[in-house]
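Reviewing the structure listed below.
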Amino acid sequence: MTANDDLEQRLRSAFQVVADRTEIARNAPRARQNVSSDDPLLLVLDNDAPARATRRREVVRVAAAALLGAAVTAAAFLASPWTPDRTRVVHAPPILANPAGNVSVNPEIATAVSPRPVISGTDFAGNPLAGADDGQPHVLVVVAHWCPPCQSAVSRLVRLHAQQAFDGITLYGVVSATSPEGDNYPPADWLERQRWPFSTFDDADNRIASALGATALPFYVFVDANGQVVVRLAGDVTDAQLTMLFKALAAGQPLPIAVEGWVPATTVP
Amino acid sequence: VERHEVVYERKVHEGRAPATSNRAPPEFERLYLECYRPSVRLAHLLTGSNAIAEEIAQEAFVRVHQRYDSLQVPAAYLRTVVVNLSRSHLRRVQRERRVVLHRTAVELPPEIDETWQSVVALPFDQRAVLVLRYYLDLTEAEVASVLNCRIGTVKSRHHRALTKLRQELS
């Protein structure tokens, strides 16, 4: 036996022993004993394999998710201060999720009300970014590099910028929920590829997104010349809808404007 | 200016666990049943961490579920995702300077442990070649496909890894 063969044999033994001793949760699915294959990840699947255990786990997972959602919504509602002098909204549970399924809940979000919270941070190069407190109406857009609606929002905003839809408004990007496992990582390179022209906060730890009350992505925060948050909205918004809002914000007109296709979340007058 | 604070919820991002969105097809359930444990073992070998291996396997199934309908060979895709997630995990922990690599928590016989610790100390790409070659018994072409590199790269990583191990273990 050559030295190479000996080493290969040692490797095979080591891998097999480590694999055999891998501790796996007791309730993890277990393959039928009579299934065998040299490559455990290329098993020929047995059409009669019972899937009842998987279904039971699914039911438990759905129930747990529903209970968690209800608890968070109730907590957010109870934590919200009542301000009778302005329209208040009980918004969706303050949850941000990244592709790995990690969910962070920030109870501060529920209390985020106008005026716009003071935010500070740096760009991707680490340079401090001014907090946009110069008395000009502005829009903050919270995006994540891995989120498909955010990717289309970025393309859309770049296109609208080329069409000069932002006259009289400054737009700031906030890149949150950064995840090396997601698409388009690192986000600085992604934005450069997209020719993103706006000053952008590096918000990998979601601090700014949380302060702004982001509940879903992309998340837009419209701030008027007095530094007051006049509209916050989430999701995929069309060119026409954004242009309409930008024009109204620049002209100092009341917001929000009724736009076809949008349904406000629960509103408390 | 009349002030409002309104949140419009139009679309919540869909990157959540698959089981909560819709019912998984029976084929996916079978894949999960058959390949979950092998995936955990593979992730353990690739990351050196038993603790993170289950998380990687679960995330891999989430990814497979998201594009299950478009996959020709879901099990092969699953294997590639496990490898990629393991690599991403190690990059992240290195960047965050928490730990370079988790030492395995399982008890091993002395000679096995010596070999395993030397393997764990290898760079990820070299370790991945060894695991795919000697644990999954893949050919060099298959390893190249999983790692998305050329066969020549697989050969050179393989050679470097064995050379380093021979020095370590001699």
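Naming: A, B, ... by sequence-line order, numbering from 1 per chain. It should be emphasised that the depicted structure is a prediction, and the values quoted were computed from it without experimental measurement.
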Problem set entry | Heavy-atom neighbours of A/D20 CG exceed 12 at 6.0 Å | yes

Seminar exercise, completed: Under 4.5 Å to a heavy atom of chain A? For B/L130 that would be both

For this session: List the steps, then state whether ring-ring contact (aromatic ring centres under 6.0 Å, His included) holds for A/F15 with B/Y134.
Result: CA-CA 8 Å; A/F15 289 152; B/Y134 299 122; 7.2 Å; no

Exercise. Considering only heavy atoms, which portion of B/E111 lies under 4.5 Å from any heavy atom of chain A: side chain, backbone, both, or neither?
Worked result: both

For this session: Ignoring hydrogens and angles, tell me if any N or O in the side chain of A/Q151 forms a donor-acceptor pair with the backbone of A/H145 under 3.5 Å.
Result: yes

For this session: Check each atom of B/R87 against the heavy atoms of chain A and say whether the ones under 4.5 Å are side chain, backbone, both or neither.
Result: neither

Exercise. Are side-chain N/O atoms of A/T22 and B/H44 paired as donor and acceptor at under 3.5 Å?
Worked result: yes

